[in-house]
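Lettering of chains follows the sequences in order, A, B, ..., and the numbering in each one begins at 1. Nothing here was measured: the structure is a model prediction, and the numbers come from that model.
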Protein chains: 2
Amino acid sequence: MYKIGEIAKQAGVTTRTLRYYEQLGLLSPSEVSTKGYRYYNDNSLNIITRIRSLQHVGLSLDEIKDVIGLYFKQKKQVEAKEKTLNYLHVHLNEIEQKIKLLHKAKAELKEQIQTTQQRLSQLAEKGQKNGGSKS
Amino acid sequence: MYKIGEIAKQAGVTTRTLRYYEQLGLLSPSEVSTKGYRYYNDNSLNIITRIRSLQHVGLSLDEIKDVIGLYFKQKKQVEAKEKTLNYLHVHLNEIEQKIKLLHKAKAELKEQIQTTQQRLSQLAEKGQKNGGSKS
DNA sequence: AAGAACCTTGACGTTTACGATAAGGTTAAA
DNA sequence: TTTAACCTTATCGTAAACGTCAAGGTTCTT
């Protein structure tokens, strides 16, 4: 059991962030003392890490809220599982779309690099004729 | 030459967006009349499209501002070209990083889908024994 | 029992990328 | 020349994801 400050440190986030996540219904403390102190366990750490990594790839906290449970909750009904599967597939599609777009951007960038390099070596040749080497 | 409303329509953005881009130094009209009317040309359209696609893969307008010139400006000095090349490579790295992260997320998702599917078919088997088909 | 160091709930501030008026000037068509 | 349709600047509003106090309660250490 960790207090909010400790687990925040371990997870590399601020306490404000954790309280905010709680407010959004993303992550609750595993226990709350009678005095209102929040306590977290090791599983909390996994969840925070997962949230952060999903955020990193472009999901909003709202979208994450929709899917974060799928990584951790063990639903028992058939219907729940099917719903889960649906979410997962939608999520997968979104990610695949983003990957495609990034690949496209990458290809264009590489092309740009090539032509820039070519023009650069053309300039270098002209430099050779006029000036010679530097070292 | 297009007025702001026309090019906005063609590009699928609002005039507000274009004025905002201008404010950020991302994209200026190719010409401004004495009365202050903004006029854009076909090249503007390409730039807007590029901005949008970069935005789509997760770059902020601020980041885009740093790199958008690389796609369009033709530097003429050797030094400028080398600098451009550097920028291009940095940008490429960033994009490759994002791709990696997305691939990781994708792999995890696929795994999740598999195990969910397995659990689902286990439930289905049990259902068979007890109930039978629905149609 | 007294501090230091932590925690609590507000509540206001900030950045990003625009949307939505408002109040008025310009252009183009009838 | 009038009017619709467009343009201008200016300003206020918004959602997201927190940062940053403030004012006070709690826990831990000494």
Side-chain angles (χ1 to χ4, degrees), chain A residues 1-41 44-45 47-69 91 94 98 101 105, chain B residues 1-41 44-45 47-68 94 98 101 105:
Chain A
M1 296 300 252
Y2 316 99
K3 286 199 280 188
I4 191 169
E6 308 172 51
I7 200 159
K9 200 167 197 175
Q10 287 184 56
V13 300
T14 68
T15 62
R16 176 69 173 90
T17 297
L18 295 181
R19 294 199 193 95
Y20 183 59
Y21 286 177
E22 185 179 351
Q23 193 180 316
L24 295 186
L26 250 175
L27 166 67
S28 306
S30 61
E31 219 181 299
V32 177
S33 80
T34 55
K35 302 290 186 169
Y37 270 46
R38 294 167 174 82
Y39 290 93
Y40 299 82
N41 57 26
S44 311
L45 204 57
I47 301 182
I48 298 169
T49 306
R50 176 62 46 129
I51 292 173
R52 287 272 131 179
S53 98
L54 290 176
Q55 246 185 317
H56 208 86
V57 299
L59 296 210
S60 71
L61 291 182
D62 215 58
E63 294 171 309
I64 294 174
K65 188 183 170 185
D66 275 352
V67 301
I68 189 67
H91 187 188
E94 285 170 10
K98 289 202 176 193
L101 287 171
Chain B
M1 298 298 252
Y2 314 100
K3 286 198 280 188
I4 192 168
E6 308 173 49
I7 199 158
K9 200 165 195 175
Q10 287 186 56
V13 300
T14 69
T15 63
R16 176 68 173 93
T17 296
L18 294 181
R19 295 198 192 94
Y20 182 59
Y21 287 177
E22 185 179 350
Q23 192 180 316
L24 294 187
L26 249 174
L27 167 67
S28 306
S30 61
E31 218 181 299
V32 178
S33 80
T34 55
K35 302 291 186 172
Y37 270 46
R38 295 167 174 81
Y39 291 92
Y40 299 83
N41 57 26
S44 311
L45 205 56
I47 302 183
I48 298 170
T49 307
R50 176 61 45 126
I51 291 173
R52 288 272 129 178
S53 99
L54 289 177
Q55 244 185 320
H56 209 86
V57 298
L59 296 210
S60 72
L61 291 183
D62 214 58
E63 293 171 309
I64 294 175
K65 187 185 170 183
D66 278 351
V67 302
I68 190 69
E94 284 168 8
K98 290 203 176 195
L101 285 171

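Taking atom CZ of B:Arg52 as the reference point, atom P of C:dT16 lies 16 Å away to the nearest angstrom. Look at CD1 on B:Ile7: it is 16 Å from C1' on D:dC6, rounded to the nearest Å. Atom-to-atom, CD1 of A:Ile51 to C1' of D:dA17 comes out at 13 Å; the value is rounded to the nearest Å. Note: CD (B:Glu6) to P (C:dA28) measures 10 Å, nearest angstrom. Rounded to whole angstrom, the span from the NZ atom of B:Lys9 across to the P atom of D:dC6 amounts to 8 Å. Taking atom CD1 of residue B:Ile48 and atom C1' of nucleotide C:dC18, one finds them 15 Å apart after rounding to whole Å. As a whole-Å value, the separation of B:Tyr2 OH from D:dC6 P is 17 Å. Distance, A:Glu63 CD to D:dA17 P: 9 Å, rounded to whole Å.
For the contact set between residues 19-27 of chain B and DNA chain C, defined by any heavy atom under 4.0 Å, the members are B:Tyr20, B:Tyr21.
In this structure, A:Arg19 has no salt bridge (Lys or Arg N to Asp or Glu O under 4.0 Å) partners at least two apart in sequence or on a different chain.
Residues B:Glu31 and B:Arg38 are not paired through a salt bridge, judged by the lack of any N-O separation under 4.0 Å between the basic side chain and the carboxylate.
Using a 4.5 Å heavy-atom cutoff, the side chains of B:Met1 and B:Tyr40 are not in contact. B:Leu27 has its side chain out of reach of B:Glu22: every pair of non-hydrogen atoms, C-beta onward, lies at least 4.5 Å apart.
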Test side-chain contact (heavy atoms from CB on, under 4.5 Å) on B:Thr17 and B:Arg52; report intermediate values, then the result. CA-CA 11 Å; B:Thr17 296; B:Arg52 288 272 129 178; 3.4 Å; yes
Test side-chain contact (heavy atoms from CB on, under 4.5 Å) on A:Leu61 and A:Tyr20 and set out the steps. CA-CA 10 Å; A:Leu61 291 182; A:Tyr20 183 59; 3.7 Å; yes
Full working for side-chain contact (heavy atoms from CB on, under 4.5 Å) between A:Ile68 and A:Arg50: CA-CA 8 Å; A:Ile68 189 67; A:Arg50 176 62 46 129; 3.5 Å; yes
With side-chain contact (heavy atoms from CB on, under 4.5 Å) as the test, would you mind laying out the steps for B:Ile7 and B:Val13 before giving the verdict? CA-CA 9 Å; B:Ile7 199 158; B:Val13 300; over 6 Å; no
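Looking only at distances, a side-chain donor or acceptor of B:Asn41 sits under 3.5 Å from a matching main-chain atom of B:Ser44. A distance-only check finds a donor-acceptor pair linking the side chain of A:Ser30 to the backbone of A:Tyr39 [under 3.5 Å]. One N or O on the side chain of A:Lys65 and one on the backbone of A:Leu24 form a donor-acceptor pair closer than 3.5 Å.
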The contact string for nucleotides 19-30 of chain D, one letter per nucleotide 5' to 3', using protein heavy atoms under 4.0 Å with B, S and - for base, sugar-phosphate only and none, comes out as BB----BBS---
Between protein and nucleic acid, restricted to nucleotides 2-5 of chain D and to nitrogen or oxygen atoms under 3.5 Å apart, what atom pairs and distances do you find?
none

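Here the CD1-CG distance, from B:Ile51 to B:Leu26, works out to 4.5 Å after rounding to the nearest 0.5 Å. Expressed to the nearest 0.5 Å, how far CG of A:Leu18 lies from CD1 of A:Ile4 amounts to 5.0 Å.
For C:dC18, the OP1/OP2 oxygens have a side-chain nitrogen or oxygen of B:Gln55 closer than 4.0 Å.
Closest-nucleotide positions on DNA chain C for B:Asp62 and A:Arg38 were compared, and the one nearer the 5' end corresponds to A:Arg38.
Here salt bridge (Lys or Arg N to Asp or Glu O under 4.0 Å) pairs that include residues 4-14 of chain B, with residues two or more places apart or in two chains, number zero.
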Its dot-bracket string being built from Watson-Crick and G-U pairs below 3.5 Å, with | for another strand and [ ] for crossing, DNA chain C has the pattern ||||||||||||||..||||||||||||||
